[in-house]
Amino acid sequence: MDQQEFADRTEAIKTRLYRTAYLYLGSEADALEAVDETVYRALWKLKQLQTPSFFETWITRILINTCQDELRRRRRFHPGGADALPDTAGPDDYEHLPLREAIRRLPEELRSVVILRFFSGYTQAETAAALNIPQGTAATRQKRALALLKLELGEEGQA
């Protein structure tokens, strides 16, 4: 894959990358920075991409790692910072506070599946590939995450 094809393919999925980063980080500015860093890292490692047909899942994996690096940095420098609410509204239907908080409280491996599957529009196979896990594991994590969300949101609705 040459740099022009890289630029074209990245441009085609930039909205999806941004949405995923926003859901991980909760801030427009942090999401934009994460996407920029992801594009830089991906371009730097472009020669390591062995199968161009896996470009989207490859760059999504880089984005997830970039977001996780940022969340670790926040915890290290700002205790409780990873759980802080964003200052601005986001680009999608993720604005209902109970849902946002419930998703943020999920364990990381479950939260990743929910974000990719339901908010970034990935299929189950694409989600599994992006997270580098078997498709059955992605399905199990999705089922467990939805059960936890249903339990938590159902209890809040009854209170």
Side-chain angles (χ1 to χ4, degrees), residues 1-2 5-27 30-76 82-83 86 90-94 96 98-156:
M1 174 182 299
D2 64 2
E5 184 181 357
F6 173 86
D8 293 342
R9 291 181 77 176
T10 302
E11 183 67 26
I13 62 169
K14 71 179 182 180
T15 303
R16 194 180 228 188
L17 293 174
Y18 171 75
R19 182 179 301 123
T20 302
Y22 177 80
L23 293 169
Y24 265 93
L25 302 174
S27 160
D30 289 343
L32 288 172
E33 189 173 320
V35 171
D36 287 345
E37 178 67 19
T38 297
V39 171
Y40 170 76
R41 288 180 183 183
L43 187 57
W44 184 259
K45 296 180 181 223
L46 185 58
K47 292 186 193 290
Q48 293 178 2
L49 177 62
Q50 296 174 354
T51 310
S53 62
F54 293 140
F55 175 78
E56 190 170 340
T57 55
W58 175 74
I59 199 167
T60 301
R61 183 73 232 163
I62 294 171
L63 176 69
I64 291 168
N65 289 336
T66 301
C67 291
Q68 289 174 343
D69 290 346
E70 172 61 18
L71 292 173
R72 277 191 292 275
R73 186 194 67 76
R74 284 183 189 177
R75 281 190 294 272
R76 190 170 51 240
D83 295 326
D92 48 44
D93 296 331
Y94 188 59
H96 294 87
L99 177 60
R100 178 187 311 165
E101 286 304 306
I103 290 173
R104 285 187 188 217
R105 284 192 289 264
L106 288 173
E108 173 60 35
E109 68 273 0
L110 302 181
R111 183 174 54 230
S112 296
V113 171
V114 170
I115 289 172
L116 292 174
R117 251 329 248 125
F118 299 107
F119 295 100
S120 296
Y122 286 86
T123 65
Q124 197 164 46
E126 291 170 334
T127 299
L131 295 174
N132 199 24
I133 58 175
Q135 192 169 344
T137 302
T140 300
R141 289 180 182 178
Q142 174 185 321
K143 191 175 194 178
R144 191 174 330 144
L146 292 176
L148 287 171
L149 288 172
K150 183 177 179 182
L151 180 67
E152 185 167 336
L153 294 173
E155 288 177 0
E156 288 179 6

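Computed over heavy atoms, backbone and side chain alike; hydrogens, waters and symmetry mates excluded.
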| said: Using 30° and 60° as the class boundaries, would you call the ring planes of Trp58 and Phe55 parallel, tilted or perpendicular? | reply: tilted

| message | Tell me whether Asn132 at atom CG has more than 12 heavy atoms from other residues, nucleotides or ligands lying less than 6.0 Å away. | response | no

| remark: The reported gap from OG1 in Thr10 to CG in Leu17 (rounded to nearest 0.5 angstrom) is 7.5 Å

| Are Arg73 and Asp30 close enough for a salt bridge, meaning some N to O gap below 4.0 Å? | no

| task | Give the intermediate values and the outcome of side chain to side chain contact (heavy atoms under 4.5 Å, CB included) for residues Arg141 and Ile133. | result | CA-CA 10 Å; Arg141 289 180 182 178; Ile133 58 175; 3.7 Å; yes

| Heavy-atom donor-acceptor pair, Arg16 side chain to Gly121 backbone, under 3.5 Å | yes

| message | Closer than 3.5 angstrom, by distance alone: can the side chain of Arg117 be matched with the main-chain N or O of Ala138 as a donor-acceptor pair? | response | no

| query | Do you know which two heavy atoms are closest between Met1 and Pro52, and how far apart they sit? | reply | CE-CB, 4.1 Å

| Verdict with supporting geometry, Leu25 and Arg74, side chain to side chain contact (heavy atoms under 4.5 Å, CB included) | CA-CA 10 Å; Leu25 302 174; Arg74 284 183 189 177; 3.6 Å; yes

| message | To the nearest 0.5 Å, what is the distance between CZ on Arg41 and CG on Leu63? | response | 9.5 Å

| field | Leu71 CG to Thr66 OG1 distance, which is reported to the nearest 0.5 Å | value | 11.0 Å

| Side-chain contact, heavy-atom cut-off 4.5 Å: Arg105 with Leu148? | no

| field | Nearest atoms (heavy-atom pairs only) where Ala102 meets Glu152 | value | CA-OE2, 3.7 Å

| field | Inter-residue atom distance Glu70.CD - Ser27.OG, 0.5 Å rounding | value | 9.0 Å

| query | Are any non-hydrogen side-chain atoms of Leu49 and Phe6 less than 4.5 angstrom apart? | reply | no

| Phe118 atom CZ: more than 12 heavy-atom contacts under 6.0 Å | yes

| Does Ile64 reach the side chain of Leu116, with side-chain heavy atoms less than 4.5 Å apart? | yes

| query | Would you call Gln142 and Val114 a side-chain contact if the rule is heavy atoms closer than 4.5 Å? | reply | no

| task | Kindly compute the distance separating OG (Ser112) from CZ (Arg61), expressed to the nearest 0.5 Å. | result | 7.0 Å

| note | Rounding to 0.5 Å, atoms OG1 (Thr57) and CD1 (Ile62) come to a distance of 10.0 Å

| field | Test side chain to side chain donor-acceptor pair (under 3.5 Å) applied to Thr60 and Tyr122, step by step | value | CA-CA 10 Å; Thr60 301; Tyr122 286 86; 2.6 Å; yes

| Quick check: are there more than 12 heavy atoms from other residues, nucleotides or ligands sitting under 6.0 Å from CD of Glu33? | no

